[in-house]
Amino acid sequence: MDPQQRILELRRQLNHHNHQYYVLNSPEISDREFDMLMKELESLEAGHPEMDDPLSPTRRVGSDLTGGFEQAAHIHPMLSLSNTYSIEEVDEWFGRVRSSLGGDGFEVVGEMKFDGTSISLIYEHGRLVRAVTRGDGERGDVVTSNIKTIKSIPLELQGSGWPEMFEIRGEVLMPWDAFERLNQERAFNEEPLFANPRNAASGTLKTLDPKEVARRGLDAYFYYMLGPDLPCDNHFDNMMAARSWGFKVSDIMTLLHSLEDVDGFISHWDKARRDLPVATDGLVFKVNSLRQQLNLGFTAKSPRWAIAYKFAAERALTRLRFVSFEVGRMGIITPVANLEPVLLSGTIVKRASLHNEDIIRSLDIHEGDMLYVEKGGEIIPKITGVDETGREPGAKPVEFVGKCPACGAPLVRVEGEASWQCPNKYHCPPQIAGRVEHFVGRKMMNIDGVGEETATQLMARGFVRDIADLYDLTESQLLTLDGFGPRSAQRVLEGLEASKSVPYDRVIYALSIPFVGDTVAKKVARAFPDIDRLMAARAEEIAAVKDLGPRIAESIVGYFAEPRNREVVERLRAAGLQMSQPEESGEGRTNLLEGKSFVISGTFSRHSRDEYKELIERNGGKNVGSISKKTDYVFAGENMGPAKKEKAASLGIPVISEDDFLAMIGEV
């Protein structure tokens, strides 16, 4: 390919992969593959200066900016680090630093490169005032409310000696145990799994509900401090000071005095990292002296005084025994590679999802093939390739099934997706069992004692054919199940009785309506506060509800168009389940804000924005979306956009704080 055409193609590819990684949290290639494409582009651009473009991917940091948060400019740009994949390249960097410093002695700080999402925190007078994501390196999303839910991050500093104002940077992480727990929940609810803790951490930090952020168990490590009045003139001592103020600074951070120390640090942690409780993908080396950092300076996108060494992804070669096809709650067929057991990243891998037919075809997998399995930063094993030299003569390509492996129904292709689905929703055993498991789950009806094995037994004995049958179960029936005694039977019956007080929105979620998860169910319940109104709603009415749209609307209408589903709902109603929002009493309602309209902007610490909107309405006020002459107050949280501030000032509209508002309704 012509070099100029290759430059344009590489820019297109890299922009696409930047978007997949930073915005969608859904990378399609490995970090190493991305870096190789970037290095090729850098080399070609250096040889063809006439192709210079200020918007080239080589001139920018990938962006994770989203539309759901206020944004703020970074005091200092958050640049990325140059990546290397060999000790030799790290040694070359060390040599360049030594040469650039003209023979001055220097120390290097070795650190772990944690695999999470970057964060910048601003502290003033010992208190956290703002948290901003990396964004595009110049601006990021303000996520202060979410950061406050992470218990390892100090909201007020301890000890003494901190500057009046400083910035500290770190990595928000999801520990392995929290990641496994989250993916188990998502698998149970047939939601897409997070490929690795980095994606899970990034996705969680961008969640608009701080309560959900708090529940997921994020952690954070800190690795760099900036400011005009830092306590020390070197990086290592500054981070030790930060540790004394309450920040989580890794014990791995080490002062290295020679090239031999650097190489030894790499050799040690290349193996020892596997025992850490959080995901890592490499090491970072920084010149310790802040003066020397300043002298070394920056390239267009990274500091010359630091470099990242990336660990190679762990890879193993093992034989495919067979491909099984598994049926989920919604009838989606998932192919699974069953492998000869192989040790990978400290665990024995026997199975790996192949996701869908398109992936089987793109990898060109044949029966009995030798497959490459990787983990790297992923905890979920991934098939990344085939060793065709190990293919047996005459081996046939793996064919995707045409009929449901459980009930034999011909499969149908899911419109607009790569998935195949069993349409036999009401007679396919795994689908029925999956709906029962979903219905009794913690975030749904929370009925203890009915798991996968029990659901399968209940179906096999003819006791349960749909979720409504659960409420007809008797103690004598339960006592016939394997492993059940009087206490376990009673626990199930008590759980069924208690579920009758579960709120209406969770009942909607428990019904297994396609595309209706817990968040969507809450929105549906608010818009259609009883089941009869929901069952009678037209698709256009549902689609008009904020954040729902036509796909969800058609799914809901299609669900209730099926007579069997309506029958189940009526039986659940007869059993005593909540099929409407409770009538709101006058308790808690006032006229304190009657006739007043409010525009809410920014982020808050005492309540969420949705909770404040509800408080406005409960006290007689009105929420409006934009500032006009008719607006009575602008209710401003942290980092309200400057345009709104200017408009409020130009119209003479009072801007009130969180404390001001709470005082207005008598909560202060």
For the atom pair CZ (Arg304) and OG (Ser82), what is the distance rounded to the nearest 0.5 Å? 9.5 Å
Between Leu218 and Ala201, the two heavy atoms sitting closest are CD2-CA, 3.9 Å
Are the side chain of Asp369 and the backbone of His366 linked by a donor-acceptor contact shorter than 3.5 Å? yes
Salt bridge (charged side-chain N to carboxylate O under 4.0 Å, His left out), that's the test. Do Asp482 and Arg461 meet it? Break it down for me. CA-CA 11 Å; Asp482 296 340; Arg461 292 172 189 261; 3.8 Å; yes
Checking the side chain of Thr389 only, and the main-chain atoms of Asp387 only, is there a donor and an acceptor separated by less than 3.5 Å? no
Any sub-3.5 Å donor-acceptor pair from Thr318's side-chain atoms to Glu340's backbone N or O? yes
Heavy-atom closest pair (Ser302 atom, Leu79 atom, distance to 0.1 Å) is N-CD1, 4.1 Å
Is any side-chain heavy atom of Ser250 closer than 4.5 Å to a side-chain heavy atom of Phe114? yes
Determine whether the side chains of Ser419 and Asn356 contain a donor N or O and an acceptor N or O closer than 3.5 Å. no
Count the heavy atoms belonging to other residues, nucleotides or ligands that lie under 6.0 Å from NZ of Lys39, then report whether that count exceeds 12. yes
Would you indicate whether the side-chain heavy atoms of Lys350 and Leu339 approach each other to under 4.5 Å? no
Side chains of Phe179 and Asn199, heavy atoms from C-beta outward: is any pair under 4.5 Å? no
Is any side-chain heavy atom of Leu37 closer than 4.5 Å to one of Gln13? yes
Please check if atom CD in Glu9 has more than 12 non-hydrogen atoms from other residues, nucleotides or ligands closer than 6.0 Å. yes
Check step by step if side chain to side chain contact (heavy atoms under 4.5 Å, CB included) holds for Arg465 and Tyr426. CA-CA 9 Å; Arg465 297 174 305 282; Tyr426 305 104; over 6 Å; no
Do side-chain atoms of Arg198 reach the backbone of Thr280 as a donor and acceptor pair under 3.5 angstrom? no
Assess the pair Phe325 and Phe400: is the distance between their ring centroids shorter than 6.0 Å? yes
So, for Val213 and Thr149, which heavy atoms are closest and what is the spacing to 0.1 Å? CG1-OG1, 3.4 Å
Within 45° cone of Phe222 ring axis and under 6.0 Å: Arg169 NZ or CZ: no
Step by step, would you call Phe285 with Phe94 a ring pair (Phe, Tyr, Trp, His ring centres under 6.0 Å)? CA-CA 9 Å; Phe285 298 98; Phe94 191 94; 9.1 Å; no
Look up atom OG in Ser202 and atom CE in Met174, then write down how far apart they are to the nearest 0.5 Å. 10.5 Å
Considering non-hydrogen atoms only, spot the tightest contact between Met459 and Pro429 and give its length. CE-O, 3.3 Å
Is a side-chain donor or acceptor of Ser267 paired with a backbone partner of Gly264 at a separation under 3.5 angstrom? no
Under 4.5 Å between any side-chain heavy atoms of Val109 and Thr254, yes or no? no
Under 3.5 Å donor-acceptor, Glu171 side chain and Gly116 backbone: yes
Say you draw a straight line from CG of Leu276 to CH2 of Trp269; how long is it, rounded to the nearest 0.5 Å? 5.5 Å
Test Lys310 against Glu89 for salt bridge (charged side-chain N to carboxylate O under 4.0 Å, His left out), laying out the working first. CA-CA 11 Å; Lys310 301 292 284 288; Glu89 289 179 303; over 6 Å; no
Counting distance only, does the side-chain N/O of Gln421 pair as donor-acceptor with the main-chain N or O of Met330 below 3.5 Å? yes
Minimal non-hydrogen separation, Ser152 against Ala220, with atom names: OG-N, 3.4 Å
Just so I know, are the side chains of Thr133 and Thr117 near enough to count as touching, which here means a heavy-atom distance under 4.5 Å? no
For the CZ atom on Arg361, are there more than 12 heavy atoms of other groups (residues, nucleotides or ligands in this structure) within a distance under 6.0 Å? no
With rounding to the nearest 0.5 Å, note down the distance linking CD in Gln431 to SG in Cys404. 6.5 Å
Treating Asp141 as the side-chain partner and Val143 as the backbone partner, does any N or O pair qualify as donor plus acceptor under 3.5 Å? no
Would Met78 and Ser120 count as a side chain to side chain contact (heavy atoms under 4.5 Å, CB included) if you check the C-alpha gap in whole Å, the side-chain angles of each, and the deciding distance to 0.1 Å? CA-CA 9 Å; Met78 290 187 76; Ser120 164; 3.8 Å; yes
Under 3.5 Å donor-acceptor, Thr384 side chain and Glu374 backbone: no
Start with the C-alpha distance between Met444 and Glu437, add both sets of side-chain angles, then the distance that settles side chain to side chain contact (heavy atoms under 4.5 Å, CB included), and finish with yes or no. CA-CA 10 Å; Met444 287 66 75; Glu437 286 181 69; over 6 Å; no
What closest approach, in Å, do Val401 and Leu411 show between heavy atoms, and which atom pair accounts for it? O-CD1, 3.4 Å
Candidate pair Arg11 and Leu8, rule side chain to side chain contact (heavy atoms under 4.5 Å, CB included), full reasoning: CA-CA 5 Å; Arg11 287 172 179 170; Leu8 295 175; 4.3 Å; yes
Just checking, any donor-acceptor pair under 3.5 angstrom between side chains of Glu180 and Gln184? no
d(His438 NE2, Ser512 OG) to nearest 0.5 Å is 4.0 Å
Contact check, side chains of Leu470 and Phe439, non-hydrogen atoms, under 4.5 Å: yes
Is there a side-chain contact between Val249 and Tyr223, using heavy atoms and a 4.5 Å cut-off? no
Keeping Ser555 on the side-chain end and Val516 on the backbone end, is there a donor-acceptor pair under 3.5 Å? no
To the nearest 0.5 Å, what is the distance between CG (Leu205) and CD1 (Ile119)? 5.0 Å
Checking Thr204 against Arg216: is there a side-chain donor and acceptor pair closer than 3.5 Å? yes
